[in-house]
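What follows is a single structure, written as structure tokens, with notes after it.
Counting starts at 1 for both ligands and their atoms, following the listed order. Side chains are part of it too, since the values below use all heavy atoms of this structure and drop only hydrogens, waters and symmetry mates.
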Amino acid sequence: MAFFRSVSALSRLRSRVGQQPTLANSVRWLQIQTSTATDLRSELKELIPEYQERVKKLRKEHANVELGKITVDMVLGGMRGMTALVWLGSAVDPDEGIRFRGMTIPDCQKKLPGACPGGEPLPEGILWLLLTGKIPNKEQVDSLSQELRSRATIPDYAFKAIDALPVSAHPMTQFTTGVMALQVESEFQKAYESGIPKARYWEPTYEDTLNLIARLPGIAAYIYRRKYKDGKIIPLDDSLDYGANYAHMLGFDDPEMLEFMRLYISIHSDHEGGNVSSHTAHLVASPLSDPYLAFAAALNGLAGPLHGLANQEVLRWIRSIVAEFGTPNISTEQLSEYIHKTLNSGQVIPGYGHGVLRKTDPRYTCQREFALKHLPNDPYFQLVSKIKEVVPPILTKLGKVKNPWPNVDAHSGVLLNYYGLTEENYYTVLFGVSRAVGVGPQLIWDRALGMPLERPKSVTLEKLEQLCAK
Ligand code: NMX
Ligand code: MLT
């Protein structure tokens, strides 16, 4: 414990010192402006009045425009397809997948700064893009890296809160506990108690969000070192960017792993607003709960096996295949037999299917491209590639699965496993750190735009039956 404290003191001291785009796609990202601001906060501050005007105009002039009808199937079917939220950072097209402020993943790989020319997009650049809708340059991204490092000091009691849990606790339980402990320093809570006016709510929300994003890797790495390694903290490296620093604090310094971590965080950051974790954060923040409270709630949703925990389940399932046959080099027939065995035992095939997507997730595709470049002969990667050939026709034959194609979680595990991060129960924590980069900007905009308390209407089963009988 004394060691942790001295590391924390040291970082406190430090912080004081210091795919080819199609034509249509190209046109769309060319419309995205490059940023000219000196820093992220000033850029945001300048944009707020314009966005406020747009929202005001929509509410004043178009309040009664209908966006679709609500069916019984939607009400009983998890609200699929019901447009009910505004989310600025990204949108998911069923066939094409994610666009971050209009940019596809290949657009981001091409246009956002990397650690070196042509490198994977830096998460700091994604954060800038999601918050402002503008493309930052390398200098801006480097200064945001520096700012995040200067905000990264973690209070000792957050480590102690985690230490109060048994090491056997699931990493996501430890992670949520750590985030709740960070809430003690909420600037929003303090400002609200001091009577801050509504028009300035976004300011302490911005501070909390940047502090939260900055501190998550330190909390997350602590959990990994505590649960799986020697428990000693690896301090932040002042020369590294956000993604590389997280890998470094976990104990990984292979430059390829650092590149993968940058890509991983960037692609997992945002997936429009309706997914369980993002929607939860937005909902919980709506009664003016601060970003820490909202994000801890989001993490609890992410920890469900049909959402973020699916990445853990995928590697567990792949390992169970290898254990069954004694090797990852299995035939199509053996794989098909195992898939049927999983389905016949009433389980889902993890990493396949989606609530919105109807084609292969582009986040899967870019991870596959990364694997083809760096680890084409890895037997687990080859098994993942075979699974992608064998699973979709089997799921399609079931006749009920709306999307038989792989999602983001089908691929990440074999890459992490290859680079030595083999403990699959930790994988959802990586997803959680990344998701803050997408959810955080929306929480700031929610306050800047004066988004109200979220309170949809529910019906009783009897009322629903009555409505249907009419
Ligand atoms: N394996 C087996 N059955 C499936 C699968 C799958 N991968 N995907 C959907 N189904 C079933 C589903 O359980 C449902 O069955 P039933 O009617 O008996 O309850 C039926 O197909 C219809 O479901 P859909 O409408 O296709 O999917 P829905 O939108 O309800 O759910 C998921 C989406 C993602 C929850 C679902 O596809 C699933 O459980 N996938 C496996 C878990 C997974 O990979 N989750 C990660 C999602 C991405 N993320 O990171 O969050
Ligand atoms: C996500 O990234 O949140 C998942 O793909 C789930 C979703 O979009 O519903």
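With ring centers used as reference points, Y201 lies under 6.0 Å from F188. Here the two rings, on F370 and F260, have centers that are under 6.0 Å apart. For H271 and H354, the gap between ring centers is short of 6.0 Å. Between W445 and Y51, the gap from one ring centroid to the other is short of 6.0 Å.
Of all the heavy atoms of H279, none lies under 4.0 Å from any atom of ligand 2, so neither backbone nor side chain is involved. Neither the backbone nor the side chain of E313 comes within 4.0 Å of ligand 1, counting heavy atoms alone. Of all the heavy atoms of V401, the ones lying under 4.0 Å from any atom of ligand 1 are found in both the backbone and the side chain.
Of all the atoms in ligand 1, the ones that sit under 4.0 Å from a non-hydrogen atom of K402 are 25 (O), 26 (O). Set against the non-hydrogen atoms of A310, the atoms of ligand 1 under 4.0 Å away are 43 (C), 44 (O), 45 (N), 46 (C). Ligand-side atoms of ligand 1 in range of L395: 1 (N), 2 (C), range being under 4.0 angstrom from any heavy atom. Under a 4.0 Å criterion applied to the non-hydrogen atoms of F431, ligand 2 contributes the atoms 2 (O). Atoms of ligand 1 lying under 4.0 Å from at least one heavy atom of G351, given by number and element, are 43 (C), 44 (O). The ligand atoms of ligand 1 that sit less than 4.0 angstrom from a heavy atom of D409 are 46 (C), 48 (C), 49 (N), 50 (O).
Among protein heavy atoms, atom 9 (O) of ligand 2 sits closest to N275 CB, 3.3 Å. Residue, atom and distance of the protein heavy atom nearest to atom 37 (O) of ligand 1 are G353 CA, 3.3 Å. In terms of protein heavy-atom proximity, atom 40 (N) of ligand 1 is nearest to Y352 O, 2.8 Å. Looking only at heavy atoms of the protein, atom 17 (O) of ligand 1 is closest to K400 CD, 4.1 Å. When only non-hydrogen protein atoms are considered, atom 6 (C) of ligand 1 lies nearest to I349 N, 3.7 Å. In this structure, atom 51 (O) of ligand 1 lies nearest to the protein heavy atom H307 ND1, 2.7 Å. From the protein, the heavy atom lying nearest to atom 46 (C) of ligand 1 is L306 O, 3.3 Å. Among protein heavy atoms, atom 29 (O) of ligand 1 sits closest to R80 NE, 2.8 Å.
Heavy-atom separations between H268 and ligand 2 are all 4.0 Å or longer. Contact between L343 and ligand 1 is present, with at least one heavy atom of the residue lying under 4.0 Å from the ligand. Judged by the shortest distance from any of its heavy atoms, H354 lies inside the 4.0 Å radius around the atoms of ligand 2.
When distances from atom 12 (C) of ligand 1 to the protein are checked, no heavy atom turns up under 4.0 Å.
Here atom 3 (N) of ligand 1 lies nearest to V348 when heavy atoms of N311, L302, V348 are compared. The option with the heavy atom closest to atom 33 (C) of ligand 1, from among H268, H271, H354, is H354.
Below 30°, between 30° and 60°, or above 60°: for Y426 and Y228 the angle between ring planes is above 60°, a perpendicular geometry.
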